[in-house]
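One structure is given below, encoded as structure tokens.
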Amino acid sequence: MRNANTISSDKYFHCKANCAATQRGEGGKDAARCISNTREWFDQNIKGDPASESAADQIANRYGRAQGIASPGSDCRQTCAPYRPNGLPSQY
């Protein structure tokens, strides 16, 4: 995500990571949920991000996990296209 350095790409990468982890099975889904929840707790309570930003991130996280379960063989880049910002390089 940092290498992409593209404005508004955060939600896309949240979705993509959760989708990819969930496609690896139940353990991946559990890990994605745990990491996402911990990250959002940290962002709110330590970094001071607003709750609205964490809520939006969690929507993208849940979408990625749900799509990873529904379509375990799909390309998460395409699955998460609704979150993909204009100008994001094609390698992402």
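For the numbers below, each heavy atom of this structure counts, side chains included, while hydrogens, waters and symmetry mates do not.
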Exercise. Is the distance between the SG atoms of Cys80 and Cys15 less than 2.5 Å?
Worked result: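 Answer is yes: Cys15 pairs with Cys80 in a disulfide.
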What distance separates [X] [atom1] from [Y] [atom2], expressed to the nearest 0.5 Å?
{"X": "Lys11", "Y": "Gln58", "atom1": "NZ", "atom2": "CD", "value": "10.5 Å"}
{"X": "Arg84", "Y": "Ser90", "atom1": "CZ", "atom2": "OG", "value": "7.5 Å"}
{"X": "Arg65", "Y": "His14", "atom1": "CZ", "atom2": "NE2", "value": "11.0 Å"}
{"X": "Arg24", "Y": "Asp30", "atom1": "CZ", "atom2": "CG", "value": "15.0 Å"}
{"X": "Thr79", "Y": "Asn18", "atom1": "OG1", "atom2": "CG", "value": "12.5 Å"}
{"X": "Thr22", "Y": "Arg33", "atom1": "OG1", "atom2": "CZ", "value": "8.0 Å"}

task = Considering non-hydrogen atoms only, spot the tightest contact between Lys16 and Tyr92 and give its length.
result =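 In this case the closest contact between Lys16 and Tyr92 is NZ-O, 3.5 Å.
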Worksheet item: Looking at Asp10 and Glu53, what are the two nearest heavy atoms and their distance?
Response: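 Shortest heavy-atom separation between Asp10 and Glu53 comes out as OD2-OE2, 4.0 Å.
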Is the closest side-chain heavy-atom distance between Gln23 and Cys76 below 4.5 Å?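 Heavy-atom side-chain distance check passes, below 4.5 Å.
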Check this for me: does any side-chain nitrogen of one of Lys47 and Glu40 sit under 4.0 Å from a carboxylate oxygen of the other?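 Glu40 and Lys47: not salt-bridged.
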ring-ring contact (aromatic ring centres under 6.0 Å, His included) contacts in which one or both residues fall within residues 39-91, not counting sequence neighbours: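 Passing the test, one end in residues 39-91: Tyr63-Tyr83.
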Are Phe13 and Ile35 grouped together when hydrophobic residues (ILVMFWY) are joined by side-chain heavy atoms under 4.5 angstrom apart?
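No, Phe13 and Ile35 fall in different hydrophobic clusters.
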